[in-house]
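Written out below as structure tokens is the structure these notes cover.
In the text below, chain A, chain B and the rest are named by the order of the sequence lines, each starting its count at 1.
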2 protein chains.
Amino acid sequence: MKKISVKKGEILQRKGELNSKVYKVHSGLLRSYSIDEQGKEHIFLFAPEDWIIADNSAKDVPSELYIDALEDTECEAINRDEDLVLEPLKLLKRMAVLQNRVIMLMSASAIERYNHFLKTYPHIVQRVSQKMIASYLGITPEALSRVKKESHGKR
Amino acid sequence: MKKISVKKGEILQRKGELNSKVYKVHSGLLRSYSIDEQGKEHIFLFAPEDWIIADNSAKDVPSELYIDALEDTECEAINRDEDLVLEPLKLLKRMAVLQNRVIMLMSASAIERYNHFLKTYPHIVQRVSQKMIASYLGITPEALSRVKKESHGKR
DNA sequence: TTGAATTCTTAACCTAAATCAATATGCAAT
DNA sequence: ATTGCATATTGATTTAGGTTAAGAATTCAA
């Protein structure tokens with residue numbers, strides 16, 4: 001359990017690493033993301049102040065996700081087994097977020113996904129680029145741009 | 001922590017309920033699913049022998065998922081807070097499954113999703129209908145039928 | 001401050017999968 | 001066995017979103 005300072009753009013953890021930690025963000029903004037076979041980035045999670053971010057692969061399996069900083073960030077690195085006993089309720093909350101995300105990805109259109117994002121991360125919209133948001137939603141930046149334009153009257 | 005017998009088709013838990021439990025399957029097959037605004041079913045998880053199934057919404061929030069039996073099932077109902085301390089490693093495993101599912105939903109085509117399913121649930125394919133599998137993959141039964149046909153040579 | 005580099009928007013076109021519809025197959029209950 | 005129902009397959013058509021490309025707007029580094 002030690003404090004870490006990360007500069008914007010720095011990579012905290014890479015896909016394929018085994019010694020994966022859990023990071024608790026005190027200030028700033030981290031994200032986790034995967035890169036698929038075609039080299040495309042998919043943002044898995046944003047972690048602003050007070051959120052916890054981690055790769056959740058089994059402990060003996062190389063991690064699937066990269067974690068890096070979208071802003072200069074102060075955070076705390078915790079061992080995964082410590083995390084389990086330290087903050088069990090936060091863990092349940094993370095499960096809830098993931099569950100909503102799966103349901104959303106299976107049933108929601110582009111615009112519905114965007115609205116879901118606004119609800120999950122009300123304070124992040126101003127801090128990240130459209131490109132990042134699109135990557136989180138699982139659509140292209142072009143599609144996001146279109147969809148926002150079309151919905152101007154409707155919300 | 002009590003034993004429960006569920007007949008095929010019986011609903012163990014409904015969307016909107018608050019007293020949500022965690023179920024550990026001893027034999028048979030359970031599933032959890034949501035129903036969206038258009039009345040469409042989306043299977044969230046299959047739980048065959050030895051799996052654990054639950055709605056992961058926050059405890060003070062009505063559950064999002066239905067849970068029912070696809071086969072006659074023997075299982076065990078556990079309180080969510082008990083579950084947390086009883087089997088912390090299984091919980092981490094469930095997180096890993098969810099994480100893979102999100103990544104899959106964001107980046108994979110229909111055929112890739114099907115192959116992913118075969119890997120996650122090697123023994124379930126024979127036990128559930130194409131319709132159920134399609135619902136789990138987030139595609140229509142028609143799309144699944146076509147995609148399997150097209151890939152006959154290729155795998 | 002200026003140039004280079006991302007990012008954003010818009011448009012035209014393309015494609016994977018959804019929808020709609022018809023037929024076929026399998027299964028359960030009497 | 002026969003009826004009825006859900007499931008599966010196949011085909012025709014539509015559509016949401018992807019791809020490509022080009023210009024405008026922002027950001028960033030020197």
Notebook entry, point to check: Does A:Asp55 pair with A:Arg80 as a salt bridge, N-O distance under 4.0 Å?
Noted result: no
Nucleotide N/O of nucleotides 21-23 of chain D paired with protein N/O under 3.5 Å:
none

N/O donor-acceptor pairs under 3.5 Å from side chains in residues 6-13 of chain A, not counting sequence neighbours:
| unit_1 | atom_1 | unit_2 | atom_2 | d |
| --- | --- | --- | --- | --- |
| A:Glu10 | OE2 | A:Lys7 | N | 3.3 |
| A:Gln13 | OE1 | A:Lys21 | N | 3.1 |
| A:Gln13 | OE1 | A:Tyr23 | OH | 3.3 |

Next item on the list: Rounded to the nearest 0.5 Å, what's the gap from SG on B:Cys75 to CD on B:Glu49? Could you check?
Entry: 12.0 Å
Notebook entry, point to check: Can you tell me how far P of D:dT10 sits from NZ of B:Lys148, to the nearest Å?
Noted result: 11 Å
Checklist line | Those residues of residues 126-140 of chain A lying under 4.0 Å from DNA chain C by at least one heavy atom | finding: A:Ser129, A:Gln130, A:Lys131
Margin query: Measure CD/A:Gln38 against C1'/D:dT19 and give the value in whole Å, please.
Written below: 13 Å
Notebook entry, point to check: Backbone N or O of A:Leu70 within a donor-acceptor pair of the A:Arg127 side chain at under 3.5 Å?
Noted result: no
Can you give each donor-acceptor pair under 3.5 Å made by side-chain atoms of residues 131-141 of chain B, sequence neighbours left out, with the distance rounded to 0.1 Å?
| unit_1 | atom_1 | unit_2 | atom_2 | d |
| --- | --- | --- | --- | --- |
| B:Ser135 | OG | B:Glu41 | O | 3.4 |
| B:Ser135 | OG | B:Ile43 | N | 2.9 |
| B:Thr140 | OG1 | B:Ala143 | N | 3.2 |

Margin query: What is the separation between atom CG on B:Leu144 and atom P on D:dT9, rounded to the nearest whole Å?
Written below: 8 Å
Next item on the list: List in chain and number order the residues that pass side chain to side chain contact (heavy atoms under 4.5 Å, CB included) with A:His42, two or more places apart in sequence or in another chain; answer none if no residue qualifies.
Entry: A:Ser34, A:Asp36, A:Lys40, B:Met106, B:Ser107
Margin query: Please convert DNA chain C into dot-bracket. A pair counts if it is Watson-Crick or G-U wobble with both distances under 3.5 Å; crossing pairs go in [ ] and bases paired with another strand get |.
Written below: |||||||.||||||||||||||||||||||
Margin query: In whole Å, I'd like the distance from the CD atom of B:Glu150 to the P atom of D:dT9.
Written below: 13 Å
